[in-house]
There are 2 protein chains.
Amino acid sequence: MSLDSRKKQILQAIIDDYIETAEPVASKGLVDRHDFHVSSATVRNEMADLENLGYLEQPHTSAGRIPSDKGYREYVDSMLRVDDISSKEAREISERITESFDELTGLLRKASSALAEKTGYISLALSPRLRKSYLTQLKMLMIEPGKVLVVVVLSAGVVKDKIARVPDFLSAEQLYAVSNAIESGLCGRSLEEITLVTVTSAVKGANLPDILLNQILFEAYTAIKQADNLELYMEGTNKMLSYPEFRDNDRARTLFDTLSRDRIIAGYINEVSETHNSPTYMIRIGQEIQVEGLQDCSFVTTTYNIGDKVAGNIGVIGPKRMDYSKVVSQISFVRSTINDQIRKIKDANGGDT
Amino acid sequence: MSLDSRKKQILQAIIDDYIETAEPVASKGLVDRHDFHVSSATVRNEMADLENLGYLEQPHTSAGRIPSDKGYREYVDSMLRVDDISSKEAREISERITESFDELTGLLRKASSALAEKTGYISLALSPRLRKSYLTQLKMLMIEPGKVLVVVVLSAGVVKDKIARVPDFLSAEQLYAVSNAIESGLCGRSLEEITLVTVTSAVKGANLPDILLNQILFEAYTAIKQADNLELYMEGTNKMLSYPEFRDNDRARTLFDTLSRDRIIAGYINEVSETHNSPTYMIRIGQEIQVEGLQDCSFVTTTYNIGDKVAGNIGVIGPKRMDYSKVVSQISFVRSTINDQIRKIKDANGGDT
DNA sequence: TTTAGCACTCGACAGACAAGAGTGCTAAAT
DNA sequence: ATTTAGCACTCTTGTCTGTCGAGTGCTAAA
C-alpha cells in the first residue's frame with residue numbers, strides 16, 4: 001500500500017511547489033523545476049495514479065493538481081525533513097523569550113509573539129494545566145478592612161492571586177489564623193483534590209463564627225481553583241488575510257469567527273494533547289481537525305514542561321500548505337527555549353508538577 | 001455657513017439610509033422612503049448643493065451620494081439623537097459586567113466583551129492610568145528562598161503584584177524590614193513622583209549590605225512602575241469582515257494589520273483622551289483619526305473614573321457609517337455601569353485617585 | 001515502460017451589448 | 001423665485017460571445 005519511491009518523490013515535489021506558490025501544480029512545470037529524468041507525460045501518469053490513490057486533487061479538469069489532506073499527511077509523516085533553524089534566528093527568538101524573567105504569563109506571551117512573527121502564521125500559547133500540581137503556600141494579606149489579597153503558590157512554581165471580599169470586622173489576626181489553618185490543612189494536596197469540602201475540613205476547630213469562616217473559605221477555594229484557569233494567547237491572526245486561501249471574504253470570515261471563540265480552540269488543543277502523547281510535535285491537517293471552521297487550516301502543536309511533567313501547549317495555525325518543515329523546527333526551538341526558561345524560573349528549588 | 005433646515009433634514013436622511021444600507025443614496029429612493037413634500041428633482045438640487053459644500057461625495061457620476069467625513073461630522077454634532085437603551089439590553093449588559101466582583105482587569109474584559117457583542121463593532125478597553133494615584137501599601141512576601149512576591153496597593157484601590165528574585169540568603173526578617181522601610185518611605189507618594197532615587201532615599205539607614213539592598217529596591221521600583229502599564233483589551237475584530245466596507249481583502253488587511261499594533265492604538269486613545277476633555281463621549285471620524293490605517297473607521301470613546309478622577313477609556317471602532325446613535329447610548333451605559341462597579345469595588349473606603 | 005503527439009476540456013480574459021440606475025440641465029408650472 | 005417634469009447623458013452591472021492558453025488523458029510508437 002505504500003508508495004513506490006518515484007511516486008513519493010513526485011508527491012513531495014508537488015507539495016513543495018504548492019506550498020510555495022499556492023497554485024495547482026502541472027506536470028510540465030514540475031519536470032522543469034525538478035530534474036526527474038522522465039518526461040512530463042510520465043509524470044502525468046504518475047499524477048493520475050496519485051489522484052486515484054487519494055493523495056492529490058484536481059480543482060477542475062484542465063488544471064494542475066493540489067495535495068489532498070491525505071497527501072499532506074503522507075508528506076509530514078514520511079518525507080518531512082526538519083532542519084535546525086539558523087543560528088541567527090535561534091538567537092533572535094531566544095533573546096525575545098528570555099527577556100521575561102520571572103513570570104510565566106509574560107513568558108508565554110513573548111513566546112507566542114515570537115512564534116507568530118517568525119512563522120508568519122497564527123501562534124498559540126496555552127497556560128499550564130495545574131490540576132496535578134499541589135499547593136505549597138496560601139497566604140492572605142489584609143489590604144484594607146473588608147478586602148484581602150489571597151496568594152496561592154503551587155508546586156509548579158506558579159503564583160496566582162485574587163482580591164477577595166471579607167466582612168469589614170474581620171481583624172488581621174483572625175485572617176492570619178484562618179489562612180494559616182487553611183494552608184497547613186491543604187499543603188501538599190493537588191488542585192484536583194481540593195474541593196469546597198476539603199477546604200472546609202482543613203479548618204476544623206478554628207474558633208470563628210461559621211458564617212465568617214464560610215465566606216473566607218469560599219474565597220480561598222475560588223482563588224485556588226482559578227489558578228487552573230485555562231488561558232489562551234493568540235497572535236498573528238492578521239497575517240492570514242494575505243494568504244491566497246483566505247483572500248476570499250467568506251473563508252476569512254469563517255476563520256476569524258472560529259478563532260474568536262478561544263475557549264473552543266483552547267479546549268481542543270487541551271483535549272488533543274491529552275489523547276495524543278507524542279513527546280515532540282503534533283500535526284493535524286484539514287479535516288482531521290475537529291473544530292468547525294478550521295478545515296482549511298493545519299495545526300502544529302507541541303508541549304512545554306514544568307518540572308518533568310507536561311504542563312501546557314504552544315502551537316501554530318496556518319493554511320494547510322504551511323511550510324511544515326520550517327514551522328516544526330521553529331516550534332521545537334521555542335519549546336526548548338520555554339522549557340529552559342521555566343527551569344530557570346523554578347531555579348533548583350525542586351518540587352515537580 | 002450653517003445649513004438651512006431642509007438641507008439638514010436631507011443630509012440626515014441620507015446618512016440614516018447610508019448607515020443602514022451601505023449603498024450610495026439616490027434622490028428617488030430618498031423621497032420614496034422619507035416623506036419630504038418635494039419631488040426628487042428638488043432633492044437632487046439640494047444634494048448637488050450639499051456636495052459642493054463638502055458634506056456629500058459621489059463615487060462616480062451616475063451613482064447616488066455617500067456622506068463625506070464632514071457630513072458625518074455635521075451629523076454627529078448637530079443631529080444625533082441619542083435614545084436610552086432598552087431596559088432589556090440594559091439588563092443584559094449590566095448582568096455581564098457586574099459578574100466580575102473584585103478585579104478591575106476582569107471588569108474591563110467583561111465590559112469590552114459586552115460592548116463588542118452588543119454593538120457589533122470592535123470594542124476597546126484601556127486599563128487605568130495610575131500615574132497620579134499614590135502608593136498606600138507595599139508588601140513583600142517570601143515565597144521561597146530567593147523568590148518574593150511584591151504586592152503594590154494603590155490609592156485607586158488597584159492591587160498589582162510581581163514575582164521578584166532576591167539573593168537566596170536573604171531572610172524573611174530582613175525582607176520584612178526592608179519592605180516596611182520602603183513602604184513607610186513611599187506611602188502617599190504618587191507613582192509619577194516615585195523614581196529609583198526616591199525609592200533609595202526611602203530606606204536610608206536600613207542596615208543591610210548595599211548590594212542586597214539595591215537589588216530589592218530595584219525590584220520594588222519595577223513592581224511599582226509596572227502598576228502603570230497600559231493594557232488594551234480588544235474584542236470583536238472578526239465582525240468587521242462582514243461589513244461591506246471591509247469585504248475587500250486589501251481594506252481588511254490594512255485594518256487588521258493596524259489593529260494588531262495595539263500599543264499604537266492604546267497610545268492614541270490615551271493621547272486623545274488627554275487633549276480632548278469632554279465629560280461624556282468623544283467621536284473621531286475617518287481622516288480625523290491620526291492613526292495610519294484607520295481612515296475608513298470611526299472611533300467612539302469615553303472615559304471611566306476611579307474615585308472622582310478620569311482613569312481610563314473604553315471605546316468602539318467601527319466603519320464610518322456606524323450606528324452612532326446606538327453606539328453612543330450603549331457606550332454611555334457601559335461607562336456608567338463600569339463606574340458604579342468600580343465604586344463598589346472601592347467600597348466606601350475613601351481615597352481618591 | 002517511457003515518451004511524443006494530439007485532441008479535448010476548462011478557466012480566464014476581453015469585448016460587445018443591453019438594461020438600469022441616477023444625475024444634471026432645461027423649460028415649464030406654481 | 002422656487003419647484004417640478006422630462007429628457008439626454010453617464011456610468012455600472014450583468015450577460016453573452018469568442019479566443020487563448022494551460023493542462024490533461026489517451027494513443028501509438030519507441
Side-chain angles (χ1 to χ4, degrees), chain A residues 3-11 13-18 20-68 71 244-245 247-249, chain B residues 3-11 13-18 20-68 71 244-245 247-249:
Chain A
L3 299 173
D4 68 52
S5 109
R6 190 171 68 186
K7 282 203 174 56
K8 253 188 187 167
Q9 198 187 352
I10 289 175
L11 179 57
I14 291 174
I15 298 186
D16 282 338
D17 283 12
Y18 186 68
E20 201 175 318
T21 64
E23 297 289 334
V25 180
S27 54
K28 178 130 192 326
L30 201 65
V31 297
D32 287 353
R33 276 185 302 273
H34 309 72
D35 40 308
F36 312 135
H37 300 104
V38 292
S39 75
S40 69
T42 309
V43 170
R44 237 170 1 250
N45 290 328
E46 296 286 38
M47 284 167 77
D49 287 353
L50 285 167
E51 182 173 356
N52 288 332
L53 293 169
Y55 294 100
L56 295 177
E57 286 167 3
Q58 206 171 12
H60 56 262
T61 325
S62 77
R65 302 297 208 298
I66 62 174
S68 67
E245 30 274 270
R247 281 275 160 67
D248 174 61
N249 184 274
Chain B
L3 299 173
D4 67 51
S5 107
R6 191 170 67 184
K7 281 202 175 52
K8 255 190 185 166
Q9 198 187 352
I10 289 175
L11 179 57
I14 290 174
I15 298 186
D16 282 338
D17 281 13
Y18 186 69
E20 202 175 316
T21 65
E23 298 288 331
V25 180
S27 54
K28 176 126 192 325
L30 202 65
V31 297
D32 287 352
R33 274 184 304 272
H34 309 73
D35 40 307
F36 312 136
H37 301 107
V38 292
S39 76
S40 70
T42 309
V43 171
R44 245 179 346 258
N45 290 328
E46 296 286 38
M47 282 166 79
D49 287 354
L50 285 166
E51 181 172 357
N52 288 332
L53 294 169
Y55 295 99
L56 294 178
E57 285 167 2
Q58 206 171 14
H60 56 262
T61 325
S62 76
R65 302 297 207 299
I66 62 175
S68 68
E245 29 275 271
R247 280 274 160 69
D248 175 61
N249 184 274

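In what follows, chains are A, B, ... by sequence order, proteins preceding strands, each numbered from 1.
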Notebook entry, point to check: Taking all atoms of both residues into account, what is the closest heavy-atom pair of B:Pro67 and B:Tyr18, and its distance?
Noted result: CD-CD2, 3.5 Å
Next item on the list: Would you check if B:Ile14 and B:Tyr55 make a side-chain contact, meaning some heavy-atom pair closer than 4.5 Å?
Entry: no
Notebook entry, point to check: Do A:Gln58 and A:Ile66 touch side chain to side chain, with heavy atoms closer than 4.5 Å?
Noted result: no
Next item on the list: Give a yes or no on whether the backbone of A:Glu57 and the side-chain of A:Ser68 come within a donor-acceptor separation of less than 3.5 Å.
Entry: no
Margin query: Just verifying a value: how many Å separate A:Asp35 CG and A:His37 NE2, rounded to the nearest 0.5 Å?
Written below: 5.0 Å
Taking only nitrogen or oxygen atoms into account, show me every contact under 3.5 Å that the protein makes with nucleotides 21-23 of chain C, one pair per line with its distance.
from   : atom 1 : to      : atom 2 : distance (Å)
C:dG22 : O4'    : B:Ser62 : O      : 3.4
C:dT23 : OP1    : B:Ser27 : N      : 3.3
C:dT23 : OP2    : B:Ser27 : N      : 3.3
C:dT23 : OP2    : B:Ser27 : OG     : 2.6

Note to self: To check you understand the geometry: which heavy-atom pair defines the closest contact between A:Pro59 and A:Gly64, and what is its length?
What the structure shows: CD-O, 3.3 Å
Item checked: Rounded distance (Å) that lies between atom P of C:dT3 and atom CD of A:Glu46 -> 11 Å
Item checked: A:Asp32 CG - D:dA22 P separation (whole Å) -> 12 Å
Next item on the list: Give the rounded distance in Å between these two atoms: CG of B:Leu30 and P of D:dT4.
Entry: 14 Å
Margin query: Using OP1 and OP2 only, check whether a side-chain N or O of A:Ser39 sits under 4.0 Å from C:dT3.
Written below: yes
Check: Nearest 0.5 Å, what's the CD-NZ distance between B:Glu46 and B:Lys8?
Finding: 14.0 Å
Note to self: What is the distance, to the nearest angstrom, from the CG atom on B:Asp49 to the P atom on D:dT2?
What the structure shows: 11 Å
Checklist line | Value in whole Å for how far the C1' atom of C:dT1 lies from CG of A:Asn45 | finding: 10 Å
Item checked: Nucleotide of C:dG24, D:dG25, C:dT3 approaching A:Ala48 most closely (side-chain heavy atoms) -> D:dG25
Next item on the list: Send over the distance from A:Phe36 CZ to C:dT1 C1', rounded to a whole Å.
Entry: 18 Å
Item checked: Pairwise side-chain contact, B:Leu53 with B:Leu3, heavy-atom cut-off 4.5 Å (strictly under) -> yes
Checklist line | B:Arg44 to B:Ser27 - nearest heavy-atom pair and separation | finding: NH1-OG, 3.3 Å
Check: If you pin B:His60 and B:Ser40 to their nearest nucleotides in DNA chain D, which one's is more 5'?
Finding: B:Ser40
Margin query: Report for the helix from C:dT1-D:dA30 to C:dT30-D:dA1: angle between first-end and last-end helix axes, five pairs each, rounded to 10 degrees.
Written below: 20°
